[in-house]
Structures are given as C-alpha cells and as structure tokens.
Amino acid sequence: MEPILIVNDVRLTIDNKPILKGVNLIVEKGEIHSILGPNGAGKSTLASLIMGINGLKSPTEGEIIFKDTLINGKEIFERARLGLTLAWQEPARFEGITVEEYLKISGRNNPDLDVEECLELVGLDKSYLFRYVDDTLSGGERKRVELASVLAMKPDLAILDEPDSGIDFASMEDIAKMIRTMKERGTTVLMITHREEIAEISDRATLMCDGKVVQTGDPKAVGEKFKTMCVKCEVKNPQLVGGDE
Ligand SMILES: Nc1ncnc2c1ncn2[C@@H]1O[C@H](COP(=O)(O)OP(=O)(O)OP(=O)(O)O)[C@@H](O)[C@H]1O
C-alpha cells in the first residue's frame, strides 16, 4: 500500500472554536475512501483544508501531505497542478458556457480526453454537449456534468463532496458505477457522504464525529456504526456527539 494523502494530527480553530480536533487520515493510492459523519462533524471543512479553498490553506496545527509534498499553505492552483481536484457539494453552474466547452476546459491537461465518452460514462447522451451549464439543466444533470468534468480532468485524487446529493435513489447505482469508473481510470477517490449505502462501494471508510475520526476501516462496519450510533445520537442527544477535548 502506498499513501497518496496523509492528514497528520490536523487541528483547526476558527474564532476560538475548535472545528477539527486532531484528525488523522491516510488515503491509499488507488482506493475509494468514504468519509461518513453527521451534520457538523467537520467533513466539508477537512475537504476545504485539503483543497485549500474557502480561505482554508493551512490547519492551525498538523500536516497535510499529498504525494510526499507538504501542501499546508499552498494555493489551490498549486494543489491542482500536483493532481488534486474537488467536486463541490453544489453542482456546477456557469453562465454562457456549453457542456462541451466546460469539459474541454476541465480536461485541457488530459491528453486522452474524449468528451463524448465522459458524458456517456455519467449517463448523458451527446446532445448534452450543446446545452449550457446553468439552471436549464436539472440539479441531477448538473451533478452528472460535474462528475463528467472530473472524469475529463483525470486527477490523481478527486475529492467528491456529497456526489449523491440531488440524485434520486434510482440513479444511485449509476453514480456508484461512475465512481468505480474513476477508480479504474487511475483516480483515487475521497468521497464525503451521508449515505452509508454509497459508502459501501468504497474500499475503506472513515467515520468522523465532532471534529475527530472515530473509526477507519471496512466500509460496511463503519456504515453500520454510523447508522446505529450516530443517527441515534444526533437525534436524541446532539450535545453529546463525540464529546469535547
Ligand atoms: N468559517 C467558519 N467559521 C465558523 N464556524 C465554521 C466555519 N466553517 C465551518 N464551521 C463550523 O464547523 C463545523 C463543521 O462544519 P462542516 O461543514 O465541516 O461539517 P460537515 O461534517 O461537512 O457537515 P454537513 O454534513 O452538514 O455538511 C460546524 O459546526 C460549522 O458551523
């Protein structure tokens, strides 16, 4: 096993509020790794820190190492150049850009780019190439276009923040298939999700709660723990989730 991403004792405090409280995570090259956890666990904040977005370029303490390079403090474009990309929780919306243009921009550094194939892999036919990436596409279609753009980019590590949001239950198997295709094409996937059934397509999963990692391992076991412990805990006793430092 060869780690592609190492998150080493990462702490983040914003306005005196501890948000990440010593997160340790190793993502192995070639795996699909899910992060599960209740609302407010710190999943998106961790994804932002790994990508260097939303003003979060460095943790308060700890290290983020991508492909043997310490990326604390690096700009988003430097991280992208190293082979790191992120698909957002909110699907893409770009006024005046067609799907074809969007995929070509996304895949400009991919010598094997085939935009029609990228669309096909996310279940959209080639008539979508001429559609605009705006609200004339449904939320689910924009989500698919965004996942097609990740396939076009072919990054070494793709962080997918809730790829299942805005996707109806019947399309979940499609999404799962697409994420597996990403893996087959050499992209390691770190995926944030609320749905344990999506986490189950992973090779490994991590459960986060209250800014900490609770468990990493077999996705079924982690999903089960999420389902049985966190959901109950969140509903009945939110103030006890995970405890404090
Ligand atoms: N810039 C910020 N300033 C203050 N608090 C913040 C900031 N960003 C995040 N938080 C807080 O940090 C905690 C973790 O938020 P985060 O969005 O990372 O959780 P999450 O696990 O992704 O939740 P969800 O599943 O609801 O998206 C929340 O309590 C949130 O309000």
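A quick note: this is a predicted structure, and the numbers were derived from the prediction, not measured. Counting convention: from 1, in listed order, for ligands and their atoms alike. What you see below is based on every heavy atom in this structure, not just the backbone, and it leaves out hydrogens, waters and symmetry mates.
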Would Gly42 count as a contact residue for ligand 1, given that I'm defining contact as a non-hydrogen atom of the residue lying under 4.0 Å from a ligand atom? yes

Any side-chain heavy atom of Asn39 within less than 4.5 Å of one from His194? yes

Atoms of ligand 1, numbered as shown, that sit under 4.0 Å from any heavy atom of Ser44: 17 (O), 18 (O), 20 (P), 22 (O), 27 (O)

In ligand 1, the atoms that come under 4.0 Å of a heavy atom of Pro38 are 21 (O)

Checking heavy atoms under 4.0 Å, the part of Thr45 that sits near ligand 1 is both

Which of these passes side-chain contact (heavy atoms from CB on, under 4.5 Å) with Met208: Val214, Leu46, Leu36? Leu46

Considering the heavy atoms of Ala41, write down every atom of ligand 1 situated less than 4.0 Å from one of them. 19 (O), 20 (P), 21 (O)

Using heavy atoms and a 4.0 Å limit, tell me yes or no: is Gly55 in contact with ligand 1? no

Is any side-chain heavy atom of Phe66 less than 4.5 Å from a side-chain heavy atom of Leu157? yes

Close approach, Met208 and ligand 1, non-hydrogen under 4.0 angstrom: no

Compute the shortest N/O to N/O distance between Gly40 and ligand 1 and return yes if it is under 3.5 Å, no if not. yes

Quick check on contacts: which atoms of ligand 1 are under 4.0 angstrom from a heavy atom of His194? 25 (O)

With atoms numbered from 1 as shown, which atoms in ligand 1 lie under 4.0 angstrom from a non-hydrogen atom of Lys17? 11 (C), 29 (O), 31 (O)

Interatomic spacing from CG in Leu84 to OG1 in Thr69 - rounded to 0.5 Å: 11.0 Å

From CG (Leu20) to NZ (Lys212), nearest 0.5 Å: 11.5 Å

Short N or O distance, Ile14 and ligand 1, threshold 3.5 Å exclusive: no

Using side-chain heavy atoms (C-beta onward) and a distance below 4.5 Å, is Leu124 in contact with Val99? no

Look up atom OG in Ser58 and atom NZ in Lys74, then write down how far apart they are to the nearest 0.5 Å. 10.5 Å

Taking 4.0 angstrom as the limit and counting only heavy atoms of Asn39, give me the atoms of ligand 1 inside it, by number and element. 23 (O), 24 (P), 25 (O), 26 (O)

Is any side-chain heavy atom of Asp210 less than 4.5 Å from a side-chain heavy atom of Lys21? yes

